[in-house]
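The block underneath contains the structure these notes are about, expressed in structure tokens.
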There are 2 protein chains.
Amino acid sequence: MRGRPTIYEDANIVKKAQEVFWQKGYSATSLSDLQKATGAGAGSFYNTFKGGKKEVFQKAIEERRLAFDAFKIELSKSESPLELIKDFFRSIASAEENEHLKGCIIANTVVEMTFIDENLEANAVQILKEVEQMFTEAIKNEQTIGNLKTQTDPEILGRYLITFWCGLNTLRRMYPDKNILKKQIEMQLAVIS
Amino acid sequence: MRGRPTIYEDANIVKKAQEVFWQKGYSATSLSDLQKATGAGAGSFYNTFKGGKKEVFQKAIEERRLAFDAFKIELSKSESPLELIKDFFRSIASAEENEHLKGCIIANTVVEMTFIDENLEANAVQILKEVEQMFTEAIKNEQTIGNLKTQTDPEILGRYLITFWCGLNTLRRMYPDKNILKKQIEMQLAVIS
DNA sequence: TTATTTATGTATCAATCATTACAAAAATAA
DNA sequence: TTATTTTTGTAATGATTGATACATAAATAA
């Protein structure tokens, strides 16, 4: 390969940019913020991402989708997928305060982008729907096996969990407190049993 | 009273500005947006609100708090407060698509302002906590009277409802569909019975 | 070595940002 | 009428926005 070697790798820029977007959202994050966070100047930045700020944001969101996909694979290998999902919720309680305040970047994006950018909005909604689908299928399977008392439509229960996930996204900011969150999470998970 | 008469009344500017903030949030709303929406030019605008954009936003949020307070008074007069609260949730389902996409301006603000403006954030969180408190007390009363089967701590159930409220704020955008929302709302309200 | 290619750093762009300055308009008080 | 007060509209402010232009650095291929 010819040419001056790359210092600022794409993946690393996206990773650093994601951190900023996660905290401040899309609109409130300036290119100056991104340059400070990634170290890359305007030259490198626009050389790597012709689409500018928006493209990097999209990549940051896409990276998050991959994280969900990885969890999905873990789920498919698990002997008790629903328990894994429940533990996923439970793990929220013990997160650091800073993590509570950041919340879920996908849910944040749905709220922020509604009248701002149709594509970014639809993208984020789609990811949440995929997560919901993951919940729904896990519940459906457990019901089929006979591991669940509740016979409520798994579609409703899946939506219940994604609604909870999004509600938790705000509740964590209201109460970034381990004990409060833990109690709340256990209470809501008990509905799926 | 001396001086040129006011064309753009404070309350009306706030009302029109609120509509824009509700849709686009704080950061993505420019003063140009507000001037277009309110009709008032920079002169009138800064003459009325010395604090500029931020002050108008605060006033818009405060107006929303007043709406909640009005509901609280209605609640105190009602013979079945909990049922009124439930109907409040049920009424969400039949809102217009545009209303779904706007969501709850307070919940939106909590999400948007976290790392942007400490005061606006804390303000919005406080309002959500007051609404939660309203839920909690209504539930507590019904339990005392003996109208509720569930003996779960009313504090937990109040938080359950505010979590649902915030979750719904995102779910409505995922599914701005009357039937889907209605089913979901009934299912979640059934927990409080 | 020399030509070519790619990445980087810096200067700069026009556009927009929130805000201020200020003169004219439009009312009342004297 | 004239002085005073307040609101309004417009022009301008300096700062910041996202993005581009371009020379230079730093590598490989010929």
Side-chain angles (χ1 to χ4, degrees), chain A residues 1-61 109 112-113 115-121, chain B residues 1-21 23-61 109 112-113 115-120:
Chain A
M1 182 83 95
R2 231 155 27 161
R4 184 172 172 172
T6 303
I7 301 179
Y8 307 104
E9 279 185 66
D10 300 24
N12 199 259
I13 289 186
V14 170
K15 214 175 117 187
K16 294 276 180 62
Q18 189 192 52
E19 178 68 22
V20 186
F21 283 132
W22 207 326
Q23 294 201 27
K24 306 183 56 168
Y26 180 79
S27 295
T29 297
S30 67
L31 257 109
S32 157
D33 287 333
L34 294 179
Q35 283 165 13
K36 256 176 251 163
T38 61
S44 296
F45 195 87
Y46 281 94
N47 183 51
T48 312
F49 304 101
K50 317 286 183 197
K53 180 181 167 180
K54 187 169 166 180
E55 185 187 338
V56 183
F57 187 79
Q58 257 163 339
K59 295 254 163 75
I61 293 292
T109 302
E112 183 186 359
M113 285 301 158
F115 288 92
I116 307 298
D117 188 296
E118 214 177 325
N119 289 336
L120 294 177
E121 154 84 359
Chain B
M1 180 83 91
R2 233 159 17 166
R4 182 171 173 171
T6 303
I7 300 179
Y8 307 103
E9 279 184 66
D10 300 25
N12 198 260
I13 290 187
V14 171
K15 216 176 114 185
K16 294 275 181 63
Q18 189 192 51
E19 177 67 23
V20 185
F21 282 133
Q23 293 201 28
K24 306 182 57 168
Y26 180 79
S27 295
T29 297
S30 68
L31 258 111
S32 158
D33 288 332
L34 294 179
Q35 284 166 12
K36 256 176 252 166
T38 61
S44 297
F45 196 88
Y46 280 95
N47 184 51
T48 312
F49 304 100
K50 317 285 183 200
K53 179 180 167 180
K54 186 169 167 179
E55 186 187 339
V56 184
F57 187 79
Q58 257 165 338
K59 295 254 163 75
I61 293 292
T109 301
E112 183 186 359
M113 286 301 160
F115 288 92
I116 308 298
D117 188 296
E118 213 178 327
N119 290 335
L120 294 177

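Side chains are part of it too, since the values below use all heavy atoms of this structure and drop only hydrogens, waters and symmetry mates. Just so it is clear, the model here is predicted, and its values are computed rather than measured. In what follows, chains are A, B, ... by sequence order, proteins preceding strands, each numbered from 1.
At the heavy-atom level, A:T29 lies under 4.0 Å from the strands shown only through sugar-phosphate atoms.
In this structure, A:D117 pairs ionically with A:K54, as a charged nitrogen and a carboxylate oxygen lie closer than 4.0 Å. By the 4.0 Å N-to-carboxylate-O rule, A:E55 lies close enough to A:K59 to be salt-bridged with it.
When each of A:Y8 and B:R4 is assigned the nucleotide of DNA chain C bearing its nearest heavy atom, the one mapping closer to the 5' terminus is A:Y8.
Across the protein-nucleic acid pair, B:I13 atom CD1 and D:dT7 atom P stand 11 Å apart, rounded to whole Å. Atom pair B:I116:CD1 and C:dA18:P shows a separation of 14 Å (rounding to whole Å applied). Residue A:Q35 contributes atom CD, which lies 11 Å from atom C1' of C:dT10 at whole-angstrom precision. What separates CD1 of A:I7 from P of C:dT8 is a distance of 5 Å, to the nearest Å. In this structure, the CG atom of A:L31 is 15 Å from the C1' atom of C:dT12, given to the nearest Å. Between the C1' atom of C:dA18 and the CZ atom of B:F21 lies a distance of 12 Å, rounded to the nearest Å. Spacing between atom CD of B:E9 and atom C1' of D:dT8 amounts to 15 Å, rounded to whole angstrom units. With rounding to whole Å, B:K36 atom NZ is found 17 Å from D:dG9 atom P.
Checked by atom type and distance alone, the side chain of A:Y8 pairs as donor or acceptor with a backbone atom of A:G39 at under 3.5 Å. Using a distance-only test at 3.5 Å, with no hydrogens or angles considered, a donor-acceptor pair links the side chain of B:K53 to the main chain of B:T29.
Ranking C:dA27, D:dT17, D:dT8 by closeness to the B:P5 side chain, first place goes to C:dA27. Checking C:dT4, C:dT8, D:dT5 against every side-chain atom of A:R2, the shortest atom distance belongs to C:dT4.
Using a 30° and 60° split on the angle between ring planes, A:Y26 and A:F21 fall in the parallel class, below 30°.
Residues of residues 40-60 of chain B that place a heavy atom closer than 4.0 Å to DNA chain C, in numerical order, are B:A42, B:Y46, B:G52, B:K53.
Neither side chain, B:S44 nor B:N47, offers a donor N or O lying under 3.5 Å from an acceptor on the other.
Within the model, atoms NZ of B:K24 and CG of B:L34 stand 9.5 Å from one another, a figure rounded to the nearest 0.5 Å.
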